[in-house]
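Being a predicted model, the structure only gives us computed values, none of them experimental.
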Amino acid sequence: MELNSQIPPGPLSEKWDNHKFNSKLVNPANRRKYKIIVVGTGLAGASASATLAEQGYQVETFCIQDSPRRAHSIAAQGGINAAKCYQNDGDSVHRLFYDTIKGGDFRAREANVYRLAQVSNSIIDQCVAQGVPFAREYGGTMANRSFGGAQVSRTFYARGQTGQQLLLGAYSALSRQIHAGRVTMYNRREMMEVVLVDGKARGIITRNVITGEIEKYSADMVLLATGGYGNAYFLSTNAMASNVTAAWRAHKKGAGFANPSFVQIHPTCIPVHGDYQSKLTLMSESLRNDGRVWVPKDPGDKRHPNDIPDSDRDYYLENKYPSFGNLVPRDVASRNAKEQCDLGKGVGSTKLAVYLDFADAIKRDGQETIMKKYGNLFQMYEKITNSSPLKEPMMIYPAVHYTMGGLWVDYNLMTTIPGLFALGECNFSDHGANRLGASALMQGLADGYFVISTSVAHYLGSNSLKDVSTSDNAFNEAQQEVGGRINKLLKNSADGPKGKVTVDEIHKEVGKLLWDNCGMARNKEGLESALAKLPAIKDKFWNKVYIPGDSKEINQSLERAGRVADFLEFAEIMVRDALAREESCGCHLREESQTEENEAKRDDENYSHVSVWEYNGEGAEPAMHKEQLVFENVTPSQRSYK
């Protein structure tokens with residue numbers, strides 16, 4: 001597998017502009033001759049579809065839900081970063097670049113991260129033009145708030161609904177192109193396979209989840225914008241339909257998978273309340289602007305939180321990290337919450353929670369002001385827990401939220417398969433070992449609105465593509481392969497459920513295995529144990545799983561089974577990746593590699609690289625390749641937020 005990052009030459013601040021100038025173009029009159037498939041309609045997919053159709057390309061867009069408005073991007077709450085410096089507090093493109101690459105613990109490419117910071121301001125302009133209702137100050141100027149890992153206020157927001165409002169903006173742009181006939185929209189389709197012709201991505205196979213029909217679609221190139229794989233852990237803040245299937249299908253066809261063990265554990269989520277939950281709920285990082293995180297100093301203190309005086313409280317983030325306080329990056333906040341609970345200071349019935357307290361903010365700014373900022377989040381929390389954050393502290397605990405790993409892409413967002421591109425959370429490119437808050441929306445829209453159009457034109461202008469048809473052998477073979485996989489999933493179900501297990505039972509088992517051994521903290525013994533246990537769970541799935549119904553109708557159990565089958569395979573490279581990286585960095589804490597203060601201890605000499613995994617066939621060990629990271633503009637240093 002060849003890893004050529006295609007990073008353009010020249011000074012960092014000029015790379016993107018020079019790259020755009022040197023990239024090949026497609027004449028506007030010729031663009032209508034090309035067809036592009038976009039899989040996914042979240043922020044990255046919807047914005048890419050709208051942008052490419054606006055430029056004149058024929059676009060076919062595929063959505064797993066009944067509407068693009070249901071994409072998981074809608075769940076993002078806190079905001080989107082941009083270096084506008086409206087607060088005149090010292091922000092700049094370079095500072096946003098530095099905060100992002102430092103926040104990722106120096107495990108991302110300089111060039112990609114700098115480009116992200118460069119286009120951030122254009123994203124805000126684009127969204128304002130679409131009518132996205134960003135919060136504004138009394139005088140009408142757009143408001144900003146702070147997020148973790150930064151000492152400036154650069155986060156634009158729409159209360160606690162920023163993802164929803166940005167997605168509605170992208171959806172309106174997409175709908176305009178659907179109405180104009182330049183985008184053909186396919187709802188309720190799940191991508192099951194990518195089709196290669198002469199080594200290039202030329203189409204996909206989908207399953208219509210309403211009728212069960214296996215469908216074939218051809219194009220000149222394929223764009224994947226299918227999100228992350230956090231649901232491998234079963235419990236996460238991701239939507240129930242979020243999965244790794246599209247990316248995993250691409251991986252098994254030859255696309256490298258980068259840093260699969262880099263999974264973000266978000267520090268502010270509603271804690272687990274029992275064994276029968278199917279997902280977890282995010283509470284926005286923006287709450288840490290005004291909420292104070294604390295635990296009782298005495299592990300045995302059972303008083304109501306309102307009855308515990310300040311002298312008996314441990315505001316551990318403020319005490320340990322005075323420069324950043326409660327706004328340390330997510331990985332740091334999550335590990336510290338776990339540490340407090342491991343010391344016996346956890347609160348609530350499970351003792352796996354810490355307090356997030358707004359009493360001081362309400363006293364300082366008033367209830368009305370706090371509700372204007374966080375009202376919908378407070379209402380969501382009260383509806384789920386029957387406790388009002390206006391009257392007593394929230395209880396929070398870390399949960400799986402985002403995946404920094406993903407399909408390996410070069411500077412053009414192309415995978416190791418020519419003609420197959422990956423955008424947004426589906427790729428690995430911008431966040432290193434830890435994503436800063438409010439950067440996911442920034443990356444998704446940067447890739448979709450501003451980066452991919454240059455990459456598409458350059459690819460089409462650089463390659464001579466022959467005509468392909470869905471009647472070609474490659475499409476027929478892929479269709480048969482998908483049908484065979486579905487039949488294999490159903491083979492145990494003909495004689496009824498007796499002695500069988502459900503899909504969710506297997507999913508919970510593998511999810512718990514990953515959480516316990518490849519979650520917030522990892523060690524060699526636990527990872528090796530997980531790797532040894534995975535084959536037995538796989539065997540149980542393929543030999544005992546029961547799926548009611550058949551494949552020719554709506555069958556959500558069958559849909560989940562296909563996704564869990566891929567999670568079971570994917571879990572192996574997650575664990576192998578964590579095992580191979582014997583340093584700590586960002587979200588990836590190897591217990592054998594810590595500082596004296598229990599902070600992540602990097603090993604730049606041996607691990608300053610991107611780990612890229614290659615599929616070698618059924619039953620064969622995957623091969624790991626390395627893309628060495630070169631830092632010419634920043635000097636990797638031990639992160640300190642004190």
Side-chain angles (χ1 to χ4, degrees), residues 43 69-70 72-82 86-87 124 127-128 130-148 153-169 171 237 239 266-271 273 279-294 305-306 325-327 330 333 348 353-397 399 401 437-438 440-441:
L43 286 178
R69 289 174 297 175
R70 291 188 183 275
H72 183 57
S73 298
I74 205 169
Q77 297 170 353
I80 178 171
N81 288 330
Y86 284 162
Q87 307 302 315
I124 302 302
C127 295
V128 169
Q130 291 172 338
V132 172
F134 286 120
R136 293 181 180 266
E137 305 288 0
Y138 180 78
T141 56
M142 281 189 284
N144 293 118
R145 58 187 175 199
S146 299
F147 254 62
S153 296
R154 63 162 69 101
T155 304
F156 294 78
Y157 63 98
R159 292 184 75 188
Q161 308 168 352
T162 314
Q164 180 188 55
Q165 299 304 321
L166 291 173
L167 186 61
L168 289 174
Y171 175 67
T237 65
H266 197 293
T268 51
C269 302
I270 297 178
H273 280 86
K279 75 178 301 295
L280 297 172
T281 304
L282 171 72
M283 287 285 105
S284 170
E285 179 171 317
S286 62
L287 294 169
R288 288 195 277 141
N289 271 285
D290 290 298
R292 301 180 69 191
V293 181
W294 64 275
N306 291 348
N326 294 299
L327 287 174
R330 292 174 176 178
V354 298
Y355 289 127
L356 183 62
D357 198 335
F358 295 88
D360 288 346
I362 292 169
K363 185 177 180 180
R364 181 185 68 238
D365 298 332
Q367 182 173 311
E368 184 179 354
T369 298
I370 296 301
M371 287 300 286
K372 282 181 179 177
K373 289 181 179 178
Y374 312 117
N376 68 306
L377 298 172
F378 280 22
Q379 290 158 9
M380 188 191 311
Y381 181 87
E382 185 170 7
K383 189 170 185 178
I384 293 171
T385 66
N386 196 32
S387 170
S388 171
L390 295 172
K391 298 176 182 176
E392 60 186 6
M394 284 184 175
M395 285 193 284
I396 57 168
Y397 194 68
H401 175 61
L441 305 184

Original post:
Looking at Phe134 and Cys127, what are the two nearest heavy atoms and their distance?
Top reply: CE1-CB, 3.9 Å
**OP:** Report yes if the side chains of Leu280 and Tyr397 come closer than 4.5 Å at any heavy-atom pair, otherwise no.
**Re:** no
Original post:
What pairs with Thr155 under side chain to side chain contact (heavy atoms under 4.5 Å, CB included), at least two apart in sequence or on another chain?
Top reply: Asn81, Arg145, Phe147, Ala438
**OP:** Please test Glu392 against Tyr355 for side chain to side chain contact (heavy atoms under 4.5 Å, CB included), starting from the C-alpha separation and ending with a verdict.
**Re:** CA-CA 9 Å; Glu392 60 186 6; Tyr355 289 127; over 6 Å; no
Subject >> Check: Gln77 main-chain N/O paired with Ser284 side-chain donor or acceptor under 3.5 Å >> reply: no
**OP:** Enter the distance from Met283:CE to Ile396:CD1 here, rounded to the nearest 0.5 Å.
**Re:** 10.5 Å
Subject >> Neighbour count >12 (heavy atoms, 6.0 Å) for atom CD, Glu368 >> reply: no
**OP:** Working to the nearest 0.5 Å, report the span between CG of Asn144 and OH of Tyr157.
**Re:** 8.0 Å
**OP:** State the CG-OG1 distance between Leu167 and Thr162, to the nearest 0.5 angstrom.
**Re:** 12.5 Å
Original post:
Can you tell me how far the OG1 atom of Thr385 sits from the NE2 atom of His273, to the nearest 0.5 Å?
Top reply: 6.5 Å
Original post:
How many angstroms lie between atom CD1 of Ile74 and atom CD of Gln161, to the nearest 0.5 angstrom?
Top reply: 9.5 Å
**OP:** Evaluate the criterion side chain to side chain contact (heavy atoms under 4.5 Å, CB included) for residue pair Ile124 and Met142; output intermediate values, then yes/no.
**Re:** CA-CA 10 Å; Ile124 302 302; Met142 281 189 284; 3.8 Å; yes
**OP:** Assign the ring pair His266 / His401 to parallel, tilted or perpendicular, where the plane angle (0 to 90°) is split at 30° and 60°.
**Re:** perpendicular
**OP:** Would you name the heavy atoms of Gly437 and Arg330 that are closest together and state the gap between them?
**Re:** CA-NH2, 3.3 Å
**OP:** Check Ser153 against Gln87 and note the closest heavy-atom contact, atom names and distance.
**Re:** O-CG, 3.6 Å
Original post:
Please walk me through it: do Thr141 and Tyr86 pass side chain to side chain contact (heavy atoms under 4.5 Å, CB included)?
Top reply: CA-CA 9 Å; Thr141 56; Tyr86 284 162; over 6 Å; no
Original post:
Are Arg288 and Pro267 side-chain neighbours, meaning at least one heavy-atom pair lies under 4.5 Å?
Top reply: yes
Original post:
Any side-chain heavy atom of Ile370 within less than 4.5 Å of one from Phe378?
Top reply: yes
Original post:
Would you say Leu356 and Pro393 make side-chain contact, with heavy atoms under 4.5 Å?
Top reply: no
**OP:** Report yes or no: does Tyr381 contribute a side-chain atom to a donor-acceptor pair with the main-chain N or O of Ile270 at less than 3.5 Å?
**Re:** no
Original post:
Atom CG of Asn326 and atom CZ of Arg292: how far apart are they, to the nearest 0.5 Å?
Top reply: 7.5 Å
**OP:** Give the minimum heavy-atom separation between Leu441 and Ala76, together with the two atoms involved.
**Re:** CD2-CB, 3.5 Å
Original post:
Under 4.5 Å between any side-chain heavy atoms of Leu390 and Met371, yes or no?
Top reply: yes
Subject >> Minimum-distance pair of heavy atoms, taken over all atoms of Leu287 and Phe358 >> reply: O-CE2, 3.5 Å
**OP:** Using a cut-off of 6.0 Å, state whether more than 12 heavy atoms not belonging to Lys391 lie near its atom NZ.
**Re:** no
**OP:** Scan residues 153-167 for pairs that pass salt bridge (charged side-chain N to carboxylate O under 4.0 Å, His left out), counting only residues two or more places apart or in two chains.
**Re:** Asp91-Arg154, Asp99-Arg154
Original post:
Of the non-hydrogen atoms in Met394 and Pro389, which two are nearest, and what is the gap between them?
Top reply: CE-CG, 3.7 Å
Subject >> Within-4.5 Å side-chain heavy-atom neighbours: Asp290 and Lys373 >> reply: yes
